[in-house]
2 protein chains.
Amino acid sequence: MTQHQPGAPRALPFGKLANGKLQGLLDALPPDLRLEMAGLWEHRTLSAGAVVIEDGQEAERIGYVLDGILVMVKKLSDDRRHIIGLLTPYDMFGRAFNGASGYRIEALTDTQVLTCNRAPFEQLIARSIEAEQLFLRNLLDELDAAREWVIALGGAKVVQRLASLLLILSRHKFNGVCGKPTVADGQPLNLHIQIKRQDIAHYLGTSPETLSRSFHQLEDDKIIRINTPYDIDVLDLAKLTEVAGNALLRERI
Amino acid sequence: MTQHQPGAPRALPFGKLANGKLQGLLDALPPDLRLEMAGLWEHRTLSAGAVVIEDGQEAERIGYVLDGILVMVKKLSDDRRHIIGLLTPYDMFGRAFNGASGYRIEALTDTQVLTCNRAPFEQLIARSIEAEQLFLRNLLDELDAAREWVIALGGAKVVQRLASLLLILSRHKFNGVCGKPTVADGQPLNLHIQIKRQDIAHYLGTSPETLSRSFHQLEDDKIIRINTPYDIDVLDLAKLTEVAGNALLRERI
DNA sequence: TCAAATGATTGATGGAAATCAATGAAACCC
DNA sequence: GGGTTTCATTGATTTCCATCAATCATTTGA
């Protein structure tokens, strides 16, 4: 997701969140701003399918993902949906300084987020160099993530692109908080994908039929196990990486 | 490219550059900072193929494209190259505030850029709210651009993806500087694509042969005219848009 | 000036994927 | 419960595309 040097701390706006507080951000800010920033944010729990930010409307709230997965969905003129990207823990969303959003943001899974109003956030950013830099770094990380998707979607065959998608989802599950693996290597990795096949298909630039065949091809090869269409175990991360045929993803897992 | 409200000027760091000066930026800055910002930038001419920023190394210079096309290339471990995105006039590049870049930037064509050292640029950004906002907006535009590519590359068929590419290139031409159209609607729109077919093909995830056929399919449908492989007239923007969004090109013509 | 090299195009073909059509399978609603 | 809807899957067929190969056009170099 990021392009930072190995070993360097990742640019997280809020750092370690194990205690449920904005520890990292507070540390980075001068004491007088700590209380103010902490007071801005409000914890929210979203159910899968909830619309966080509606397409086209001014985003009045800034958000930060604690747990779960959000999707950015662009609605096309002919009623189809096109998924632009995913938002996973440590990602920020919203449109600070940038007008209305061109897409809708939905909760893909049950999700925990922090949100705050846009205006006071922007004001605080403008006053504090430290806060501004955190915001900038987060923005640059988002840019890296978007470009990672470009590479993932560049795969020639459908199984390849599907493997890339599963890898990206796996990594977020696998890395846990602040890079700590939460699942032992070699164990099945359970993915709960709360998204219709049709949407995944569109995202990967293919049809639901071909996508279904690709899923079952991976299952036949003992790389994944399909418990239900929305509940999948990754059995062989190494093979999955191989199928993806993508060096970028290979390096990071 | 941008998601700003209609009518609002696009967030360009330097605005109108017809006179070769940083007119727009100067206007946006307080008088005392104008001279300082202008003094930072240095005009450079790059030959096609030149490496602007090497993969993995700290980018010590910030750049801004005046003319030509730069390409962001990710080198994969198995020696293949994957093109992540293009940089066209008014795009900024470099890694201000964000460590080393994960990809290399090359000049695809003879290119004119403005560059400046990273440190003084960052310092000026930190001192000036106006400069900071210009930078932020540019960054947000880049993010929009990257996500636009995700949509473009999501097209199922090659003609579709090619149409998306031509549309994105057209918009740069058509919008002109600061959102003003430079070409009347309905007129042929001339594009100078100084990229080899092979590179375009790779970018769109296809082969040169199929790409060539797609180009000529668009020509047969009177949507474009191919003067030379590098000089193309867009005859029908509406149809081109239709093809980009709609997989059904083959049927009705 | 003529080779040699590079890039663009065209043709032919096997394999991959879109499409059409039908069946399962589960959730939902009277 | 039974009927309807929605989604996932499977099969059959057509279309598309990557690949191999050859040709044409343009540029390059001795």
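Not measured: the values here are computed from a predicted model.
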Practice prompt. Would you kindly check if the NZ (Lys) or CZ (Arg) of A:Arg61 is within the cone defined by 45 degrees around the ring axis of A:Phe93 and under 6.0 Å from the six-membered ring centre?
Written response: no
Fill in: Below 4.0 Å: OP1/OP2 of C:dA17 and any side-chain N or O of A:Thr210
no
Discussion item. According to side chain to side chain contact (heavy atoms under 4.5 Å, CB included), who are the partners of B:Asp231, at least two apart in sequence or on a separate chain?
Written reply: B:Asn190, B:His192, B:Asn227, B:Thr228
Discussion item. Using a strict heavy-atom distance below 4.0 Å, which residues from residues 217-225 of chain A are in contact with DNA chain C?
Written reply: none
Discussion item. Closest approach to the side chain of B:Glu209, judged atom by atom: which nucleotide of D:dT9, C:dA16, C:dT10 is it?
Written reply: C:dT10
Fill in: Of the listed nucleotides C:dT9, C:dT19, D:dA8, the one nearest the side chain of B:Pro229
C:dT9
Discussion item. Taking the minimum atom-to-atom distance to the side chain of A:Thr206, which one of D:dT9, C:dA17, D:dA18 wins?
Written reply: C:dA17
Discussion item. Contact between A:Asp233 and A:Ile224 at the side-chain level, heavy atoms closer than 4.5 Å - yes or no?
Written reply: no
Worksheet item: Between C:dA8, D:dT9, D:dA8, which one does the side chain of A:His216 approach most closely?
Response: D:dT9
Discussion item. With each end axis built from five pairs of C1' atoms, what bend angle do you get for the helix from C:dT1-D:dA30 to C:dC30-D:dG1? Round to 10°.
Written reply: 30°
Fill in: Heavy-atom side-chain contact between B:Thr115 and B:Ile62 under 4.5 Å
no
Response to the item:
Quick note, B:Ser207 side chain, CB onward, closest among C:dA18, C:dA17, D:dA18 is D:dA18
